[in-house]
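First comes the structure, then the notes that go with it.
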Amino acid sequence: VIAARLKPVYVEDARRDPLLKDTPFQDRGVRSMLGVPLKCNGALVGVLHVDWLTVRPGGAREVHLLEIMAEQCAAAIMNAQAYQEAKRSAATLAESAAHLRQFARVIEQTADAVLITDRDGLVQYVNPAFEESTGYSAAEVIGRKPNFLKSGQHTPEFYGHLWRTIAGGEPFRATFANRDKQGALFYEEKTITPIKDDRGDITHFVSTAKDVTNERIKAQELRESEERFRQLAENISEVFWLTSPAMDQVIYISPAYEQVWGRTCASLYASPRDWLDAVMPEDRARVLQAALTKPAAGTYDEEYRVVRPDGAIRWIRGRAFPVHNEDGRLYRIAGVASDITERKCSERRNASEQRVLEMLASGGPLPQCLALLARECEDLLPGTLCSVMLLDAEGRRLRLGAAPSLPPGYVAAIDGIEVGRGVGSCGTAAHSGRAVIVSDIATDPLWAGCKELALPHGLRACSSVPIMG
C-alpha cells in the first residue's frame with residue numbers, strides 16, 4: 001500500500017484496521033505499525049517500516065521522525081548504489097583501457113601494414129609496418145591522401161570501382177602494385193574496410209596490407225620457367241614425362257609422345273599404363289619389371305619396341321630418374337624416351353652387310369649368299385618377302401637368284417620373266433634402271449599382263465630396285 005500510494009501509512013490497531021484483515025500481522029502480536037516510502041528524486045527506492053507490540057495512539061510525531069530517517073536511508077541507498085555503479089564503471093573503463101592498449105599493441109606490432117583514413121580519405125594513422133614497407137614515416141603521410149603510393153599500373157576504372165565499393169559500405173580486396181618512397185615497385189594483398197558508427201554512418205576507412213612482392217616475383221619466375229620448359233618439351237623429338245613415384249599417375253607428357261607412339265597424350269593421362277600396352281609382347285615383361293623397380297634408384301635405362309596403331313614398329317630407349325623434394329623424399333619420377341629406330345636399323349644394316357661380306361669372303365656359294373641377303377632384308381623390313389633376280393647372259397630375262405620366303409608357285413612363275421616395261425616391278429626396274437614402287441598390284445598398269453601370277457598367292461604390293469654393276 002505504501003509503495004502504491006507513495007505516502008506514509010499508520011495503523012493504530014492491527015486487529016481492527018481493515019487494511020490488515022486476514023493478514024499474518026494479526027496473528028504475530030503486532031498491534032500498531034508505521035511505514036513510510038523511501039524516495040530519492042521522487043522515485044521509490046524502498047519502504048521504511050516499524051512495528052509496535054502494543055497499541056500506540058496518535059502517530060504524527062512518529063511519522064515525522066520516520067520520514068526524516070527515510071530521507072537519510074534513501075540518500076544512503078542512492079549513494080551506495082552510485083558507489084557500486086561507479087566501481088562497475090571504473091572496472092569497465094579499466095577493462096576497456098586494457099583492451100585498447102592490447103589492440104594498440106597488436107596494430108603497432110603486426111607485420112601487415114595498417115593505414116587509417118577519415119571518410120574523405122585523409123590519412124590519420126599508419127603503423128610501423130607501413131613505414132617499413134613504404135619508406136614513408138608517419139609524419140610524412142598523416143593528413144595526406146594515400147595516392148602518393150600509386151604506381152601507374154592501375155586504371156582509373158580500378159580506383160573508381162574501389163571507391164564505389166567502400167563508399168557503399170562493403171570491403172574492397174585486391175592485389176595492389178604500388179611504389180615506395182624510393183620509387184621501387186612492390187605488391188600488396190590489401191583489404192580496405194569502411195568503419196561505421198552506431199547509426200551506420202561511415203566515419204573512417206581501414207586498410208590492411210600484406211607485402212607479397214617476393215611471392216609475386218617467385219610466381220613470375222615460376223611461370224617463365226614453366227614456359228621455357230613447355231617450349232623445350234614441345235619442340236624436341238624426345239618424349240619427356242613426369243609421373244608419381246608409383247608411376248600410376250601421369251603428371252606431364254610432352255606432345256612428342258603422339259608422334260612416336262601414335263597414341264594421344266589424353267589417353268595416357270586417362271590410363272597411365274597405355275604406353276606399356278604398345279610395347280611388343282616379347283619385350284613387355286622385361287620393360288614392366290624394370291619400370292616398377294629401377295626408376296627410384298635412377299638405374300632405369302631400357303631399349304624396347306613399340307607397335308604403333310598403323311602397324312609400324314619403333315625402337316625406343318627409355319630412361320628415368322628420381323626427383324626428390326626439399327626433405328629428400330621421392331615425390332616424382334622424370335623420364336625421357338627417345339626414338340632410336342634409325343640407329344637400330346643402321347646397326348642391323350651394318351650387321352647384315354658384315355654377315356654377307358663374311359660369307360662372300362669365306363667363299364660361300366652364291367645362292368647361299370643371296371639367300372642370306374634376302375633374309376637380312378626381310379629382317380630389316382618386317383612384313384616383306386624378298387627375292388633377288390639375276391640378269392641372264394643375253395640380258396633379256398631375269399633368273400631367280402634367291403627367294404627364301406616367297407611361295408614356291410610364285411617363285412616358279414617369275415623365274416625367267418622378260419626384261420621390259422609393263423613386266424611387273426622387276427622387269428620394269430631392270431629395263432629402266434630405276435626403282436619401281438607399286439602399291440597395288442591389282443590396279444597398276446605395270447602389272448596388267450602379269451598380276452595373275454601374284455594375286456593368287458596373296459601378294460598385293462611390290463617394289464623393285466635394280467642392282468647396277
Working to the nearest 0.5 Å, report the span between [atom1] of [X] and [atom2] of [Y].
| X | Y | atom1 | atom2 | value |
| --- | --- | --- | --- | --- |
| Gln249 | Ile251 | CD | CD1 | 5.5 Å |
| Glu67 | Cys73 | CD | SG | 13.0 Å |
| Met247 | Leu288 | CE | CG | 9.5 Å |
| Asp444 | Ser425 | CG | OG | 7.0 Å |
| Thr208 | Glu189 | OG1 | CD | 10.5 Å |

Salt bridge (Lys or Arg N to Asp or Glu O under 4.0 Å) involving Asp339 - partner list, sequence neighbours excluded: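 Expected list: Arg314.
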Test item: side-chain donor near acceptor, Thr134 and Asp180, under 3.5 Å: no
Distance-only side-chain donor-acceptor flag, Glu188 / Thr175, under 3.5 Å: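 No, no side-chain donor-acceptor contact under 3.5 Å.
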Judged by atom type as modelled, is there a donor-acceptor pair below 3.5 Å linking the side chain of [X] to the main-chain atoms of [Y]?
| X | Y | answer |
| --- | --- | --- |
| Asp327 | Arg329 | no |
| Glu378 | Leu385 | no |
| Arg173 | Thr191 | no |

From CA spacing to verdict: side chain to side chain contact (heavy atoms under 4.5 Å, CB included), Val50, Met33: CA-CA 6 Å; Val50 295; Met33 59 181 62; over 6 Å; no
Verdict with supporting geometry, Arg286 and Glu302, salt bridge (charged side-chain N to carboxylate O under 4.0 Å, His left out): CA-CA 9 Å; Arg286 169 179 58 84; Glu302 299 291 324; 2.7 Å; yes
Do other residues, nucleotides or ligands put more than 12 heavy atoms under 6.0 Å from the [atom1] atom of [X]?
| X | atom1 | result |
| --- | --- | --- |
| Arg343 | CZ | yes |
| Gln220 | CD | yes |
| Met69 | CE | no |
| Lys210 | NZ | no |
| Ile437 | CD1 | no |
| Glu132 | CD | no |

Show the atom names and distances, to 0.1 Å, of all donor-acceptor pairs under 3.5 Å that link a side chain in residues 158-170 to residues at least two apart or in another chain.
from: Arg164; atom 1: NH1; to: Gly160; atom 2: O; distance (Å): 3.4
from: Thr165; atom 1: OG1; to: His161; atom 2: O; distance (Å): 2.8

For [range], pull every pair meeting side chain to side chain donor-acceptor pair (under 3.5 Å), keeping only residues two or more places apart or in separate chains.
| range | result |
| --- | --- |
| residues 192-207 | Gln124-His204 |
| residues 104-117 | Glu108-Tyr125 |
| residues 142-155 | Thr155-Glu157 |

Full working for side chain to side chain contact (heavy atoms under 4.5 Å, CB included) between Glu71 and Lys39: CA-CA 7 Å; Glu71 290 179 2; Lys39 296 184 291 182; over 6 Å; no
Aromatic contact, Phe176 with Tyr187 (centres under 6.0 Å): no
Heavy-atom closest pair, residues Thr341 and Trp315: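 Between these two residues, the closest heavy atoms are OG1-N, 2.8 Å.
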Distance-minimising heavy-atom pair for Trp261 and Val239: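 Reported closest heavy-atom pair: CZ3-CG2, 4.2 Å.
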Pairwise ring pair (Phe, Tyr, Trp, His ring centres under 6.0 Å) hits with a residue in residues 334-357, at least two apart: none
Note: Glu85-Arg88 ion pair, threshold 4.0 Å (strictly below): yes
